[in-house]
2 protein chains.
Amino acid sequence: MDPSPNPFNRDCPTRQLLDRIGDQWTVLIVGALAEGPLRFTEVGKRVDGISQKVLTQTLRSLVRDGLLTRTAYPVIPPRVEYALTPLGRDLAEPLDMLDRWARGHMAEVERARDAYDRENTSVSA
Amino acid sequence: MDPSPNPFNRDCPTRQLLDRIGDQWTVLIVGALAEGPLRFTEVGKRVDGISQKVLTQTLRSLVRDGLLTRTAYPVIPPRVEYALTPLGRDLAEPLDMLDRWARGHMAEVERARDAYDRENTSVSA
DNA sequence: CTGTATCCTATAAGATACTG
DNA sequence: CAGTATCTTATAGGATACAG
């Protein structure tokens, strides 16, 4: 089974990773934790715009995937820290490449969009 | 403007790139075209499971973003070829890093999931 | 502080039918 | 072949209220 392990086949590892990071929050959370462990609220503050619900969901599924550890300290008020596992730290590297690319090239993408939109305005109705 | 160009702020380049590749088809299409230009139908065949509608949409937005060129040959039947631009080829590199990571580590993620699920079964109701 | 539970909506994306 | 158009559903994600 899994006769064609190429990225275009549905069950290949790459497709699965894309499902994983495709939620667009994963990358940001892993990036935030790349600098060190953070507690729940801290992660939320770092990742601008994420709702508490989605933060909870994403953190849990990252823990499930073995990318994060969750450490709850039995104190009042509760203190829960999230940290990258070795696997998570490993993922942070290619993610960082993407980050660099974005910083270096997204402006160019912006320009391309503007140019495209200019060419395709006025037309239509 | 853009006082905090960090990946966690909403308007930063990284966020925009994530919106771009977060649709999960972008990565696959760019990956397919990394090996050379393809016509419309060919791309569809490479990217397993994509619908024609989504293929059309994604290709167009990639062209808009300056990552792909679209060349229509005025013949019957129509022949339209898509190819990476230099910018697109450039993006293909970090994407390929992700691909490598996935091939190397997704099995480990699978194992983590299984372990997590085993620990969290039986419990509940 | 760290969640859970519920409701609600916007949107991605599949299926299908049709066109130059 | 290479799309366009329309309908429909699944799901991500936001808002809000509540709990340990």
Side-chain angles (χ1 to χ4, degrees), chain A residues 8-10 15-30 32-33 37-65 68-83 116 120 123-125, chain B residues 8 10 15-29 32-33 37-65 68-83 116 120 123-125:
Chain A
F8 313 116
N9 194 305
R10 312 193 83 152
R15 288 293 273 269
Q16 293 180 33
L17 176 62
L18 288 175
D19 287 344
R20 167 68 276 180
I21 70 174
D23 61 23
Q24 88 164 293
W25 296 116
T26 290
V27 176
L28 298 169
I29 291 176
V30 170
L33 292 170
L38 293 172
R39 21 197 322 197
F40 183 82
T41 308
E42 290 296 318
V43 180
K45 264 184 277 199
R46 294 276 200 127
V47 181
D48 189 39
I50 194 171
S51 69
Q52 195 185 47
K53 191 186 86 172
V54 174
L55 180 58
T56 302
Q57 285 174 350
T58 310
L59 284 172
R60 184 174 18 235
S61 88
L62 285 169
V63 170
R64 182 172 103 100
D65 285 359
L68 261 53
T69 58
R70 177 185 186 279
T71 311
Y73 299 94
V75 297
I76 304 291
R79 173 187 186 89
V80 178
E81 277 200 349
Y82 292 90
Y116 184 97
N120 297 72
V123 205
S124 75
Chain B
F8 313 115
R10 312 192 82 153
R15 286 295 272 268
Q16 292 181 33
L17 176 61
L18 289 175
D19 288 343
R20 166 69 276 181
I21 70 173
D23 61 25
Q24 88 164 291
W25 296 116
T26 290
V27 176
L28 297 170
I29 290 176
L33 291 170
L38 293 172
R39 29 200 312 199
F40 183 83
T41 308
E42 289 296 318
V43 180
K45 266 183 275 198
R46 294 277 199 127
V47 181
D48 189 40
I50 194 170
S51 70
Q52 197 185 45
K53 190 187 87 171
V54 174
L55 180 58
T56 301
Q57 286 174 350
T58 310
L59 285 173
R60 188 180 8 244
S61 90
L62 285 169
V63 170
R64 183 172 102 100
D65 285 359
L68 262 52
T69 58
R70 176 186 186 277
T71 310
Y73 298 95
V75 296
I76 304 291
R79 174 187 184 86
V80 178
E81 278 200 351
Y82 292 89
Y116 184 98
N120 297 72
V123 205
S124 75

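Proteins get letters first, then strands, A, B, ... in listed order; numbering begins at 1 in each.
- When the nearest nucleotides of DNA chain D are assigned to T56(B) and K45(B) by heavy-atom distance, the more 5′-ward of the two goes with K45(B).
- Proximity of L55(A) to L59(A): side-chain heavy atoms (C-beta onward) are separated by under 4.5 Å at one or more points.
- We find that CG of L55(B) is positioned 15 Å from C1' of dA15(C), with the value rounded to whole Å.
- Ranking dG13(D), dG3(C), dA2(D) by closeness to the P78(B) side chain, first place goes to dA2(D).
- Nearest heavy-atom pair across T69(B) and V63(B) is C-CG2, 4.5 Å.
- In this model, the phosphate group of dC1(C) is not approached by any side-chain N or O of Y82(A) to a distance below 4.0 Å at OP1 or OP2.
- Taking atom CD of residue Q52(A) and atom C1' of nucleotide dT4(C), one finds them 9 Å apart after rounding to whole Å.
- Within the structure, every side-chain polar atom (N or O) of S51(A) is placed at least 4.0 Å from both OP1 and OP2 of dG13(D).
- Of the candidate nucleotides dG3(C), dG13(D), dG20(D), dG3(C) has the atom lying nearest to any side-chain atom of R70(A).
- R60(B) has its CZ atom 9 Å from the C1' atom of dG3(D), to the nearest Å.
- The two residues R20(B) and D23(B) have their closest heavy-atom pair at NH2-OD2, 3.3 Å.
- Using a 4.0 Å heavy-atom distance criterion, Q57(A) is classed as making no nucleic acid contact.
- Taking atom CG of D19(A) as the reference point, atom P of dA10(D) lies 18 Å away to the nearest angstrom.
- Scanning all heavy atoms of the two residues, the minimum distance from A32(A) to R46(A) falls at CB-CB, 4.1 Å.
- Residues E42(B) and P37(B) fail the side-chain proximity criterion, which asks for heavy atoms closer than 4.5 Å.
- Between V54(B) and R39(A), the residue anchored nearer the 5' end of DNA chain C, judged by the nucleotide with its closest heavy atom, is R39(A).
- If you take CD of Q24(B) and C1' of dA12(D), they are 13 Å apart, rounded to a whole angstrom.
- Put simply, CZ on F40(B) is 6 Å from C1' on dA2(D), counting in whole angstrom units.
- Rounded to whole Å, the distance from OH on Y73(B) to P on dG20(C) is 25 Å.
- Residues K53(A) and R79(A) both approach DNA chain C. Their nearest nucleotides, taken by heavy-atom distance, put R79(A) toward the 5′ side.
- To the nearest angstrom, P of dA13(C) lies 11 Å from CZ of R15(A).
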